[in-house]
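Report on one structure; see the data block that follows.
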Amino acid sequence: MTETATLSYNGKTVELPVRHSVHGPDVVDIRKLYAELDVFTYDPGFTSTASCSSTITFIDGDKGELLYRGYPIDQLAEKSHYLEICYLLLYGELPTATQLEDFENRITRHTMLHEQMQYFFRGFRRDAHPMAIVCGVVGAMSAFYHDSTDIGDPWQREVASIRMIAKLPTICAWAYKYSIGQPFIYPRNDLDYASNFLHMCFAIPCEEYTVDPILARAMDRIMTLHADHEQNASTSTVRLAGSSEANPFACIAAGVACLWGPAHGGANQACLEMLREIGTPDRIPEFIARAKDKDDPFRLMGFGHRVYKNFDPRAKVMKDSADEVLGLLGIENNPTLQVAKELEKIALEDEYFIARKLYPNVDFYSGIILDAMGFPTSMFTPIFALSRTVGWIAQWKEMIEDKEQKIGRPRQSYIGAARRDYTDVEAR
Ligand code: ACO
């Protein structure tokens, strides 16, 4: 029997079908609401609105659980690696050994950028934020790879997907190299995905650079933990852009732009800058007081999450990774880290943070690791973007293949001036 929810308004009643979810709340299908009751629903920030059905990722914010295609993130972070997870997110199942080898080969063969793209990079100012460059270059891929922009052709969708996953590390590394005035380092296809990215960022042509396997593993974990996160702001942006049938590169560029904001992917940069601004543990109470003050817009960056109201399961894995990296590099006593550890302790014991369920999120720790690896804060969000690209693509492909999807077009409650007649300037 189909379950329904009953809604009455203005003397009329409508039976709305309820759709069952495998995990998480069921959803009330309100598509006929406007036609039958002549009302819209109001939900700024979409806190109670499912914009799609999806089979990719599930988050239980109360339990602190994150599943990719059903698999818990902690198991994947421990046992799998980024490219295997890309396959899982894109195609729905873990690959066999042959499928994985084939997928890795396909990604590896697309890591180089069109040579002419170098000139595009060189058109940016040296002090441009790498996110500005990444956003521009990803969008420009539609000009360089227009043989994979027909979204109606499954093969072109596949080629565009592989190209973006393969080239994003090169684009991000080159944005970094350009900003510090060093030559671009070409990808090395004998290295794994994470090692190749570190190599392109830190190698220089005049010296041998060997990627430390512990750092490569930490980078792989950062990528894994950021690979997808269901219908967050940037993913919803990608879906919305894609709903107009825009080409895949334009859609992912839209996602990069949305991710840049400090309330989303920009939080890892903002968090480390905040830790540096705090400077020493004795200044923490001052900043905690500011975070609680409703008249002060300051928030503790790296704390809180829209969905996780218990703990962020990614944060735990990232914290262990941070300990490992800092131990390897012998910098456990660095002042930023001291502040981070003390801040985490104080905030977790503070009534304000406990009552609002504000815990350190994944960005709190990822910034510390990336800083220790030698990345400037401006590179934190590009690294998030390159890691999330596979999630954006998986969600975009799912949307294109979903027969129920339409162009995204929210409604509004208009509260401006009522209809009125134009007055001539002399009469105003
Ligand atoms: N510092 C201080 N107070 C906070 C913080 C914070 N970081 N986050 C939330 N609060 C408070 C709010 O002031 C509010 O208090 P009130 O109930 O007394 O008014 C309460 O906690 C609830 O906050 P909301 O803003 O309603 O929570 P929402 O779910 O909308 O926001 C968000 C989530 C945007 C992540 C928020 O916690 C925040 O700005 N955090 C800092 C930025 C950050 O780290 N973002 C990264 C998110 S993770 C990611 O993108 C990978």
Side-chain angles (χ1 to χ4, degrees), residues 43-49 57 59-62 64 66 68 73 77 131 221-238 255-275 277-278 284-319 321-322 340 343-344 346-370 377 380-392 395:
D43 185 18
F46 309 113
T47 54
S48 298
T49 298
T57 295
I59 302 171
D60 185 325
D62 294 323
L66 168 62
Y68 291 166
I73 191 66
M131 274 303 268
R221 280 219 176 114
I222 289 177
M223 292 170 169
T224 295
L225 297 178
H226 287 92
D228 194 42
H229 216 221
E230 49 126 298
Q231 309 312 318
N232 56 83
S234 56
T235 302
S236 300
T237 301
V238 169
V256 176
C258 178
L259 188 77
W260 197 353
H264 191 9
N268 50 15
Q269 170 170 356
C271 176
L272 204 87
E273 284 165 1
M274 176 194 76
L275 295 176
E277 193 192 341
I278 297 174
I284 292 174
E286 180 196 324
F287 282 82
I288 298 255
R290 283 187 60 196
K292 294 178 186 174
D293 181 356
K294 292 289 161 223
D295 297 325
D296 188 331
F298 175 79
R299 282 188 162 196
L300 275 193
M301 300 314 286
F303 277 77
H305 196 275
R306 167 57 62 80
V307 181
Y308 295 120
K309 300 300 178 193
N310 187 332
F311 70 97
D312 181 339
R314 302 166 302 170
K316 194 182 167 311
V317 181
M318 202 62 98
K319 186 178 190 314
S321 215
L343 182 65
E344 179 194 21
I346 295 175
L348 289 178
E349 289 166 357
D350 191 296
E351 195 42 45
Y352 173 95
F353 291 88
I354 295 169
R356 288 167 183 76
K357 302 190 172 180
L358 299 170
Y359 297 87
N361 57 46
V362 65
D363 291 328
F364 186 73
Y365 301 105
S366 65
I368 294 168
I369 301 179
L370 294 172
T377 53
F380 293 4
T381 319
I383 291 169
F384 189 164
L386 89 82
S387 315
R388 182 56 57 83
T389 294
V390 67
W392 289 330
Q395 302 268 353

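Starting from 1, each residue takes its place in the sequence as its number. Numbering of ligands and ligand atoms starts at 1, following listing order.
Scanning N361, L358, D312 for the heavy atom closest to atom 4 (C) of ligand 1 points to L358. Considering only non-hydrogen atoms, atom 48 (S) of ligand 1 lies nearest to H305 out of K309, R314, H226, H305. Of the listed residues (A267, S366, S234), the one carrying the non-hydrogen atom nearest atom 46 (C) of ligand 1 is A267.
Residue, atom and distance of the protein heavy atom nearest to atom 13 (O) of ligand 1 are K294 NZ, 3.2 Å. Protein heavy atom closest to atom 32 (C) of ligand 1, with residue, atom name and distance, is R299 NH1, 4.2 Å. In terms of protein heavy-atom proximity, atom 3 (N) of ligand 1 is nearest to Y352 OH, 3.0 Å. Scanning the protein heavy atoms around atom 42 (C) of ligand 1, the nearest turns out to be M301 CE, 3.4 Å. When only non-hydrogen protein atoms are considered, atom 21 (O) of ligand 1 lies nearest to R356 CD, 3.3 Å.
In the model, T235 has no side-chain atom that pairs as donor or acceptor with a side-chain atom of Q395 under 3.5 Å.
Taking 4.5 Å as the limit, every side-chain heavy atom of L259 sits out of range of all side-chain heavy atoms of V256. The side-chain heavy atoms of R388 and H229, taken from C-beta on, include a pair separated by under 4.5 Å. You'll find the side chain of D363 stays beyond 4.5 Å of the side chain of F380, heavy atoms only. At a threshold of 4.5 Å between non-hydrogen side-chain atoms, the residues I59 and Y308 count as touching. A 4.5 Å side-chain heavy-atom check between Y68 and D228 finds at least one atom pair inside the cut-off.
When distances from atom 26 (O) of ligand 1 to the protein are checked, no heavy atom turns up under 4.0 Å.
Of all atoms in ligand 1, numbered sequentially from 1 with element shown, those under 4.0 Å from a heavy atom of G302 are 43 (C), 44 (O). Counting atoms of ligand 1 from 1 in the listed order, those under 4.0 Å from a heavy atom of F384 are 51 (C). Numbered from 1 in the order shown, with element, the atoms of ligand 1 that lie under 4.0 Å from a heavy atom of A263 read 45 (N), 46 (C), 47 (C).
Distances between N or O atoms of R306 and those of ligand 1 include at least one value under 3.5 Å. For ligand 1, the polar-atom distance check finds an N/O of L300 within less than 3.5 Å of one of the ligand's N/O atoms. Note: an N/O pair closer than 3.5 Å links F303 and ligand 1 by distance alone.
Few gaps surround NZ on K292; more than 12 heavy atoms of other groups in view lie less than 6.0 Å from it.
Counting heavy atoms under 4.0 Å from ligand 1, residue D363 touches it through the side chain alone. Neither the backbone nor the side chain of F364 comes within contact range of ligand 1; no heavy atom lies under 4.0 Å. Using a 4.0 Å cut-off between heavy atoms, K292 makes no contact with ligand 1 at all.
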Side chains of residues 351-358: which donor-acceptor partners sit under 3.5 Å, not counting sequence neighbours?
unit_1 : atom_1 : unit_2 : atom_2 : d
Y352   : OH     : K294   : NZ     : 3.3
R356   : NH1    : Y352   : O      : 3.2

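For the side-chain contact (heavy atoms from CB on, under 4.5 Å) test, residues two or more places apart in sequence or in another chain that qualify with S48 are D43.
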Practice item. Please assess F287 against F298 for the test ring-ring contact (aromatic ring centres under 6.0 Å, His included), listing each intermediate value before the final yes or no. Key: CA-CA 8 Å; F287 282 82; F298 175 79; 5.7 Å; yes
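Under the 3.5 Å distance criterion, the side-chain polar atoms of H305 are left unmatched by any main-chain donor or acceptor of N361.
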